[in-house]
A.B. asks: 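Please see the structure below; I have some questions.
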Amino acid sequence: MRALQLIKFGASGNYQFGVVPDPIAGAEEILVKVKACGINHLDLWLEAGELPINIGLPRIPGGEISGEIVQAATSGSDWKVGDRVAVQSNLFCGKCEFCLRGDESLCLNGLLLGVQRDGGLAELVSIPVSALVRLPDNVSFEASAAMTLAGSTAMHMLTNRARIRSADWVLVIGGASGVGAYAVQIAKQLGASVIATASSEEKSRLARELGADHVVDSRVESWPGEVRKITQKRGVDFVVEHVGGKVFEQAIHCLARGGTVVTCGATAGKKVNLDLWPFFVKQQRIIGSYGRNRSDMELILAWASAGKVKPVIDSVFSLSEAEKGLEKLRERKVLGKVIVTV
């Protein structure tokens, strides 16, 4: 099969595109013909060697996979050849205490697809049966690849880790980003009033098209004051945060009494300063969110099938052009998801 392999870590990575041996599916695995694969910031952390885990090279990146089954499991599976599938990228053991209660995102033995084992920037990929989710007939492969990681991450944040209620104020950091674009749509569907941040007119326009009621310019240092002004000095009930660093600190200042920050990332910095006095006096919360559960995947695809959320796709590249997609993401020139089709 043809595949893109990372063969050396670096700021821009050293890749090799060519023919490699086909993967061999184990007893509890299924061979999937990749139709589309999204590119994620996680792929950039992989190429830079910045993840706090041991990674063997060469490695085929790509965790946001959709495709068709070409070889079913030998036993114990209802899947058949030709079935359309989406893939849960945070692979889980299914046996630990957290998996047994349906919290696969907390799995004690979890692995990242496209990081700790070969992913979807290839023609074929071997996937554990437990990581497959049925793809609705009216959801395209490209749409699935665009939303099953970012969209399910946002779904996990807003319906599992936190519970958005009708009439809540929700601030979405980066309303035109991967997670942000779906957080805006999900929060609106749940009845919230949504404020988004954006760093350009183009991103501001997209956030509004997705349903944001207000957009503030994150390039202006005083943007948290604008959030408080919009809410008549009250602040917001929830902040969907995935940037970290100074942005996280600014987000705290936007909270109402009893408000909550739900955070799932730290691309701009892992360490933050927190003034504890106003934090506990106002009885605020910080909730961590990581990955997704199978139920989050199923829900985001069901919403997509029903037209409640739509995929946000920036650009599409062929497998042989996948490095161009990685470069575009590296340069932060994207509005939505970069997709590789196979």
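Because the structure is a prediction, the values reported are computed rather than measured.
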A.B. asks: Taking Tyr182 for the side chain and Thr148 for the main chain, is one N or O donor matched with an acceptor at less than 3.5 Å?
C.D. replies: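 The answer is no, because no donor-acceptor pair under 3.5 Å joins these two groups.
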
A.B. asks: If you link I, L, V, M, F, W and Y whenever their side-chain heavy atoms are under 4.5 Å apart, who else ends up in the same group as Ile339?
C.D. replies: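 Members besides Ile339, by chain and number: Ile313, Val316.
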
A.B. asks: Does any pair with a residue in residues 244-254 pass side chain to side chain donor-acceptor pair (under 3.5 Å), and if so which ones, sequence neighbours excluded?
C.D. replies: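 Every side chain to side chain donor-acceptor pair (under 3.5 Å) pair that includes a residue of residues 244-254, provided the two are not neighbours, is Glu221-Lys246, Trp223-Gln250.
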
A.B. asks: Does any pair with a residue in residues 167-195 pass salt bridge (Lys or Arg N to Asp or Glu O under 4.0 Å), and if so which ones, sequence neighbours excluded?
C.D. replies: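 Found Arg165-Asp168, Lys188-Asp213.
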
A.B. asks: Grab the two heavy atoms, one from Ser152 and one from Met297, that are nearest each other, plus how far apart they are.
C.D. replies: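 For Ser152 and Met297, the tightest heavy-atom pair comes out as OG-SD, 4.0 Å.
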
A.B. asks: Please examine the side chains of Gln284 and Thr260, heavy atoms only from C-beta on, and report whether any two atoms are closer than 4.5 Å.
C.D. replies: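 Not in contact.
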
A.B. asks: Could you list all the salt bridge (Lys or Arg N to Asp or Glu O under 4.0 Å) pairs where at least one residue sits in residues 121-140, not counting sequence neighbours?
C.D. replies: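 Counting only pairs at least two positions apart or across chains, the salt bridge (Lys or Arg N to Asp or Glu O under 4.0 Å) contacts touching residues 121-140 are Arg2-Glu123, Asp83-Arg134.
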
A.B. asks: State, to 0.1 Å, how close Leu135 and Ala86 come at their nearest heavy-atom pair, and which atoms those are.
C.D. replies: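 Residues Leu135 and Ala86, closest heavy atoms: CB-N, 4.2 Å.
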
A.B. asks: Less than 3.5 Å apart, which donor and acceptor atoms pair up between the side chains of residues 91-100 and the rest of the protein, not counting sequence neighbours?
C.D. replies:
none

A.B. asks: Do Val334 and Leu210 belong to the same hydrophobic cluster, where Ile, Leu, Val, Met, Phe, Trp and Tyr are linked whenever their side-chain heavy atoms lie under 4.5 Å apart, directly or via other members?
C.D. replies: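 No.
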
A.B. asks: Can you confirm whether more than 12 heavy atoms, excluding those of Tyr290, are under 6.0 Å from its OH atom?
C.D. replies: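 Counting other residues, nucleotides and ligands, OH of Tyr290 stays at 12 neighbours or fewer.
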
A.B. asks: Which residues pass the side chain to side chain contact (heavy atoms under 4.5 Å, CB included) test with Ser200, sequence neighbours left out?
C.D. replies: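 Expected list: Glu202, Lys203.
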
A.B. asks: Under the 3.5 angstrom rule, does the side chain of Arg330 hit a backbone N or O of Ser12 as a donor-acceptor pair?
C.D. replies: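 Yes, because the side chain of Arg330 sits within donor-acceptor range (under 3.5 Å) of the backbone of Ser12.
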
A.B. asks: Which pairs count as side chain to side chain donor-acceptor pair (under 3.5 Å) when at least one residue sits in residues 14-23, sequence neighbours excluded?
C.D. replies: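 Qualifying pairs, neighbours excluded: Tyr15-Glu47.
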
A.B. asks: Can you tell me which residue pairs pass the side chain to side chain donor-acceptor pair (under 3.5 Å) test with a partner in residues 229-244, sequence neighbours excluded?
C.D. replies: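 For residues 229-244: Ser177-His242, Arg234-Asp237, Glu241-Thr263.
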
A.B. asks: Under the salt bridge (Lys or Arg N to Asp or Glu O under 4.0 Å) definition, can you give me all pairs with a residue in residues 260-289, not counting sequence neighbours?
C.D. replies: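 For residues 260-289, and leaving out neighbouring residues, there are no salt bridge (Lys or Arg N to Asp or Glu O under 4.0 Å) pairs at all.
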
A.B. asks: Name each donor-acceptor pair under 3.5 Å that joins a side chain in residues 48-60 to protein atoms two or more places apart or in another chain, with its distance.
C.D. replies:
| residue | atom | partner | partner atom | Å |
| --- | --- | --- | --- | --- |
| Arg59 | NE | Val115 | O | 2.8 |
| Arg59 | NH1 | Asp118 | OD1 | 2.9 |
| Arg59 | NH2 | Gln116 | O | 3.4 |

A.B. asks: Of the non-hydrogen atoms in Leu46 and Pro61, which two are nearest, and what is the gap between them?
C.D. replies: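 So the minimum-distance heavy-atom pair works out to CD2-CB, 4.0 Å.
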
A.B. asks: I'd like to check the side-chain hydrogen bond (donor to acceptor under 3.5 Å, both in side chains) partners of Ser66; sequence neighbours left out, ordered by chain and number.
C.D. replies: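 Residues passing side-chain hydrogen bond (donor to acceptor under 3.5 Å, both in side chains) with Ser66: none at all.
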
A.B. asks: Ignoring hydrogens, what is the shortest heavy-atom contact between Val20 and Ala3? Give both atom names and the distance.
C.D. replies: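 Looking at all heavy atoms of both residues, the shortest contact is CG2-CB, 3.8 Å.
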
A.B. asks: If we ignore hydrogens and angles and just use 3.5 Å, is the side chain of Arg294 paired with the main-chain N or O of Gly102 as donor and acceptor?
C.D. replies: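 No; judged by distance alone, with no hydrogens or angles, the pair does not exist.
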
A.B. asks: Tell me whether Glu226 contacts the main-chain N or O of Ser222 through its side chain, where contact means a donor paired with an acceptor under 3.5 Å.
C.D. replies: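 Pair absent, no side-chain N/O of Glu226 close to backbone of Ser222.
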
A.B. asks: Are the side chain of Asp314 and the backbone of Gly336 linked by a donor-acceptor contact shorter than 3.5 Å?
C.D. replies: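 Flag not set: sc Asp314 to bb Gly336 has no pair under 3.5 Å.
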
A.B. asks: Output a table of donor-acceptor pairs, distance under 3.5 Å, between side-chain atoms of residues 317-326 and any protein atom two or more places apart or on a different chain; print 'none' if there are none.
C.D. replies:
| residue | atom | partner | partner atom | Å |
| --- | --- | --- | --- | --- |
| Ser318 | OG | Ser320 | OG | 3.1 |
| Ser318 | OG | Glu321 | OE1 | 3.3 |
| Glu321 | OE1 | Ser318 | N | 3.4 |

A.B. asks: When clusters are formed by joining ILVMFWY residues with side-chain heavy atoms under 4.5 Å apart, either directly or through shared neighbours, do Val70 and Val133 land in the same one?
C.D. replies: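 Each belongs to a different hydrophobic cluster.
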
